[in-house]
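Each ligand, and each atom within it, is numbered from 1 in the order the structure gives.
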Amino acid sequence: MPDDCDPLDGVRPGGARSFWLRETLAGELPELAADVAAPRLTGAARADIAILGGGYTGLWTALRLTELVPGARIVILEADICGGGASGRNGGFVTGWWDELPALITRFGDREAVRIARAVDEAVETIGTWSAANGVDAAYRHQGFLQVSAAPAQDGVWTEAVEACERLGVADRWHLLTSDEVGARVRSPVFREGAFMPGAATVQPAALARGLRRVALERGVVVHERTRAHGLGRGRALGPGSVTIATSSADGDGTLLDHSMVVYGSAIADGNKHTHEGLPVLLAGGGGGGLKTGRHVVYEKQPLTNLYLTLLDRMGVHPETIGDSTGRIEHLDV
Ligand SMILES: Cc1cc2nc3c(=O)[nH]c(=O)nc-3n(C[C@H](O)[C@H](O)[C@H](O)COP(=O)(O)OP(=O)(O)OC[C@H]3O[C@@H](n4cnc5c(N)ncnc54)[C@H](O)[C@@H]3O)c2cc1C
């Protein structure tokens, strides 16, 4: 229950629900309640595709799979309720990537950078058209993204990206606003100049997450909320009350993990500084025997794509380069 005496209740991370999620749950039909539409998983269940986590990633994936593999039994296991994680408590900014263009150009070149940013624009629009087509009222507003400076040190932080847009013939996607133009949109005495991206929107994030859940249920996706997965294996029971995702893949001797390569990490080493160097990367799985695990290895400065290139080699795929890669990583298997 919300605590009306606590001004931070629902905002503080942890067990409390976000304002967005509370608002959405309050308006949800009784037949969509967790116990009715998405009961806990008890006992054994079969699925062609099991998805862990009912946030945007899991729900969009499930929905897309209903189109790609019609008739497949798709099951989502969600430890909390769908939208209980970041998807139901984020800022709701659905922004394009034109302000990221210089970094995209460095990694992928002019053409690919523009193609990627255009694809993100399409994705931003698709959220709106999909919501309208499926009766999801996620308060979608496709009215752009305004960045402003409020101090001289912030003036022009967008210049490089704006100039890149101009050079590549997409000046309309991210362009400068004078202080008068900023003032015409938001009249604040501290705002100075700014930049504007028309291909951006906002949503009520939890309404989107719960809307995705409703449509997934309507399309026959089975959702089990309050069901935490504790392990991945081939039918091994992990103990009373636990959920094991059993697979039927033909992976020979060893566990599924012995035959997998899972990369988990962050693109930022220090969240306070947006540092993109010295990234913590967890590589799990034995890669079918190709990887030596159980150790901490520190590499000299090199692009992360070198790791991906090396892992692709292990899969029998040998592209010369990917993105900004400069070569292969050594000592993964010794
Ligand atoms: C404060 C904040 C503000 C943000 N603002 C923005 C923004 O304005 N714009 C933007 O684009 N992005 C924003 N983001 C990022 C965005 O919210 C996330 O990228 C997105 O929601 C991730 O979706 P997801 O489905 O991958 O993860 P989640 O929404 O976190 O979903 C993962 C789900 O997995 C479940 N789960 C975890 N472990 C298990 C398990 N073992 N078994 C079963 N289920 C499990 C969790 O309960 C959770 O529901 C923000 C994030 C935060 C935290």
[atom]: nearest protein contact (heavy atom, Å):
{"atom": "atom 31 (O) of ligand 1", "value": "Gly55 CA, 3.5 Å"}
{"atom": "atom 24 (P) of ligand 1", "value": "Thr57 OG1, 3.3 Å"}
{"atom": "atom 14 (N) of ligand 1", "value": "Asn90 CB, 3.6 Å"}
{"atom": "atom 27 (O) of ligand 1", "value": "Ser87 OG, 4.2 Å"}
{"atom": "atom 1 (C) of ligand 1", "value": "Arg89 O, 3.9 Å"}
{"atom": "atom 33 (C) of ligand 1", "value": "Glu78 OE1, 3.5 Å"}

Between [X] and [Y], is there a side-chain N and carboxylate O pair less than 4.0 Å apart?
{"X": "Glu78", "Y": "Arg213", "result": "no"}
{"X": "Glu277", "Y": "Lys301", "result": "yes"}
{"X": "Arg118", "Y": "Glu122", "result": "no"}

Answer yes or no for [atom]: protein heavy atom present at a distance under 4.0 Å?
{"atom": "atom 40 (C) of ligand 1", "value": "yes"}
{"atom": "atom 9 (N) of ligand 1", "value": "yes"}
{"atom": "atom 37 (C) of ligand 1", "value": "no"}

Polar contact flag for [X] and ligand 1 (N/O pairs, less than 3.5 Å):
{"X": "Ala86", "value": "yes"}
{"X": "Gly91", "value": "yes"}
{"X": "Ala79", "value": "yes"}
{"X": "Phe93", "value": "yes"}
{"X": "Ala229", "value": "yes"}

Q: Answer yes if the side chains of Asp155 and Ser149 hold a donor-acceptor pair under 3.5 Å, and no otherwise.
A: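 Ser149 and Asp155 do have a side-chain donor-acceptor pair below 3.5 Å.
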
Q: Please determine, by modelled atom types, if Asp313 and Tyr308 share a side-chain donor-acceptor pair under 3.5 angstrom.
A: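 Side chains of Asp313 and Tyr308: no pair found under 3.5 Å.
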
Q) Hey, does the Lys NZ or Arg CZ of Arg185 hover above the aromatic six-ring of Phe196, less than 6.0 Å from the centre and inside 45° of the axis? A)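 Checked: cation-pi criterion met.
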
(Q) Just to verify, what does Glu112 make a salt bridge (charged side-chain N to carboxylate O under 4.0 Å, His left out) with, not counting sequence neighbours? (A)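 For Glu112 the salt bridge (charged side-chain N to carboxylate O under 4.0 Å, His left out) partners, ignoring immediate neighbours, are Arg115.
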
Q) Taking only residues two or more places apart in sequence, or in another chain, which ones meet Asp110 in a salt bridge (charged side-chain N to carboxylate O under 4.0 Å, His left out)? A)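 Only Arg167 meet the salt bridge (charged side-chain N to carboxylate O under 4.0 Å, His left out) criterion with Asp110.
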
(Q) Show, in sequence, the C-alpha distance, side-chain angles and deciding distance for Ile74 and Ile51, and conclude whether the side chain to side chain contact (heavy atoms under 4.5 Å, CB included) test is met. (A) CA-CA 8 Å; Ile74 302 166; Ile51 295 173; 4.0 Å; yes

**Q.** Which of the ligand 1 atoms, numbered from 1, are nearer than 4.0 Å to a heavy atom of Gly53
**A.**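 Listed by number with element: 33 (C), 34 (O), 35 (C), 44 (N).
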
Q. Quick check, are the ring centers of Trp130 and Trp60 under 6.0 angstrom apart?
A.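 Between Trp130 and Trp60, the centre distance is under 6.0 Å.
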
Q: Check if Thr227 has a non-hydrogen atom at a distance under 4.0 Å from any atom of ligand 1.
A: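 Yes, Thr227 has a heavy atom closer than 4.0 Å to ligand 1.
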
